[in-house]
Amino acid sequence: MTSGGSRSNGARQNGMALTAVITLVCMTFFAANSLLCRMALAGAGMDAVSYTVLRSLSAAFVLWLFLRLRGERVLRFGSWGAALALFAYMACFSWAYVNLPAAAGALIIAVAVQTTMVGAGVALGQRPSRAQTLGIALAMAGLVYLLLPGLDAPPLWPSAIIFLSGVSWAVYTLLGRRNSAPVAATAGNFVRCLPLALLFLPLAWLGHTGGGAGVVAGVGAGGVAWGGGPALPLAGVFCALAAGGIASALGYVLWYSVLPRLSVPTAAVVQLSVPLITALGGALFMGEAFTLRLGISTAAILGGIFCATVLAAVRRP
């Protein structure tokens with residue numbers, strides 16, 4: 001009995017350690033989406049349209065292959081509505097990160113997702129708890145402080161675009177909340193993104209040349225930039241393929257495999273690490289400064305999200 005109990009405890013501890021490792025890998029992959037995008041667009045000079053298309057293509061291929069190996073037909077899962085929300089998330093994501101620091105973008109997305117989720121609940125007649133109300137108010141205050149005019153403030157227009165990216169991701173999450181096969185649904189949605197990506201590709205030849213502004217090109221200094229023809233530096237292509245095939249596709253597969261082993265509060269807490277990992281990666285790999293403004297905003301935003309998710313779940317009767 002003692003020997004059997006020891007083996008059982010050892011297996012349980014090994015399982016918990018494996019869950020922790022996979023969870024950390026998933027959060028690193030999710031943070032890598034922002035870092036790879038910034039490296040490709042700001043570092044390597046790739047255009048945002050081509051980046052979005054290649055990211056979609058590589059993610060769709062990896063997820064299609066995963067389902068194919070399981071003997072499943074990918075288009076049996078997912079929906080066009082969810083695919084449109086997913087593609088809107090990726091397109092706005094790339095558009096904004098032309099001029100937006102990685103850490104600031106990750107924080108703004110986090111606020112947008114939680115605000116949209118709570119707002120959707122209110123629209124469906126769900127009354128937010130005090131913890132959720134306090135949390136969203138604190139997170140929004142942190143966002144407002146982050147965007148207040150100043151030398152170290154992120155540019156406003158890209159910030160607005162990445163907020164739309166977060167809203168699109170929240171819509172995608174809401175559309176898929178009842179999926180019994182989330183990996184398969186994600187695969188089907190990414191594959192459905194491919195025709196949207198092909199329709200999107202001509203935008204690489206539109207917009208400004210030089211510093212002009214336009215509807216597609218964006219706006220002047222501190223704005224966003226599209227068009228001028230595709231730019232496909234090798235480093236940028238590698239970042240786009242890695243973001244789609246590894247950080248997105250493999251990240252989702254691993255996350256959905258480990259999610260059933262995590263409680264709701266634990267899953268919410270670990271996701272708060274994504275902006276912090278992004279900020280660390282931005283400082284280490286791209287020389288992005290972690291300013292006092294960013295630090296205060298990070299504390300307010302992540303503290304607010306903690307209240308809106310973890311405390312709300314713990315206090316729920």
Side-chain angles (χ1 to χ4, degrees), residues 26 29-30 33-34 37 48 51-53 55-56 59-60 63 74-75 77-97 100 105-128 132-133 135-136 139-140 143 157-197 199-200 203 224 243-244 247-249 251-253 255-256 259 264 267-268 271-272 274-275 301 304-305 308-309 312-313:
C26 290
F29 280 171
F30 294 157
N33 274 314
S34 294
C37 191
Y51 182 88
T52 304
V53 171
R55 181 186 175 190
S56 303
L63 289 168
V74 68
L75 289 180
F77 306 94
S79 68
W80 283 104
L84 184 60
L86 177 61
F87 189 75
Y89 151 75
M90 289 191 292
C92 291
F93 189 91
S94 303
W95 188 1
Y97 268 134
L100 190 66
L107 284 172
I108 294 169
I109 286 178
V111 175
V113 170
Q114 292 302 323
T115 303
T116 305
M117 298 285 279
V118 173
V122 172
L124 293 172
Q126 301 172 5
R127 183 178 178 182
Q132 287 177 315
T133 302
I136 292 301
M140 290 301 294
L143 179 59
W157 183 239
S159 298
I161 296 297
I162 205 132
F163 192 91
L164 289 178
S165 178
V167 170
S168 299
W169 180 256
V171 171
Y172 177 73
T173 301
L174 290 168
L175 290 173
R177 66 190 184 279
R178 300 177 193 266
N179 281 329
S180 58
V183 172
T186 301
N189 292 329
F190 264 109
V191 169
R192 286 179 175 85
C193 282
L194 294 181
L196 300 175
L199 291 173
F200 194 59
L203 291 180
V224 292
S248 296
Y252 295 146
V253 170
W255 176 240
Y256 289 130
L259 192 56
V264 172
Q271 291 181 75
L272 295 178
V274 173
I301 289 171
I305 294 174
T309 54

Shortest non-hydrogen contact between Phe200 and Ala91, atoms and distance: CZ-CB, 3.9 Å
Are the aromatic ring centres of Tyr51 and Tyr97 under 6.0 angstrom apart? no
Provide the closest heavy-atom pair for Gly251 versus Cys26 in the form atom of the first, atom of the second, distance. O-SG, 3.9 Å
What's the shortest heavy-atom distance between Ala197 and Val53, and which atoms? O-CG2, 3.6 Å
Rounded to the nearest 0.5 Å, how far apart are OG1 of Thr116 and CG of Leu164? 9.5 Å
Dump the intermediate steps for side chain to side chain contact (heavy atoms under 4.5 Å, CB included) on Thr52 and Phe93, then the final yes or no. CA-CA 9 Å; Thr52 304; Phe93 189 91; over 6 Å; no
Short question: side chain of Ser248, backbone of Ala243 - any donor-acceptor pair under 3.5 Å? yes
Intermediate values then yes/no, side chain to side chain contact (heavy atoms under 4.5 Å, CB included), Arg192 and Leu84: CA-CA 8 Å; Arg192 286 179 175 85; Leu84 184 60; over 6 Å; no
Return the minimal non-hydrogen interatomic distance between Val111 and Met140, and the atom names on each side. CG1-SD, 3.5 Å
Please report the interatomic distance CG(Leu174) to CE(Met117), rounded to the nearest 0.5 Å. 4.5 Å
The reported gap from CH2 in Trp95 to CG in Leu100 (rounded to nearest 0.5 angstrom) is 13.5 Å
Closest heavy-atom pair, Ala139 versus Ile301, reported as atoms and distance to 0.1 Å, is O-CG1, 3.5 Å
Nearest 0.5 Å please: distance from the CD1 atom of Ile305 over to the CG atom of Leu107. 8.0 Å
Please work out which of the three classes, parallel, tilted or perpendicular, describes the rings of Phe30 and Trp255, given edges at 30° and 60°. perpendicular
To the closest 0.5 Å, what do you measure between OG (Ser34) and CD1 (Ile109)? 5.5 Å
Does the side chain of Val253 come within less than 4.5 Å of Thr186's, by heavy atoms? no
What are the two closest heavy atoms between Asn33 and Ala247, and how far apart are they? OD1-CB, 3.5 Å
Looking at side-chain heavy atoms only, is the closest gap between Trp169 and Leu86 below 4.5 Å? yes
Taking Ser165 for the side chain and Ile161 for the main chain, is one N or O donor matched with an acceptor at less than 3.5 Å? no
So do the side chains of Cys193 and Tyr89 get within less than 4.5 Å of each other, counting heavy atoms only? no
Pairwise side-chain contact, Ile108 with Leu143, heavy-atom cut-off 4.5 Å (strictly under): yes
Is the backbone N or O of Ala267 less than 3.5 Å from a side-chain atom of Gln271, with the two atoms forming a donor-acceptor pair by type? yes
Measure the spacing between OH of Tyr172 and OG of Ser79 and express it to the nearest 0.5 Å. 8.5 Å
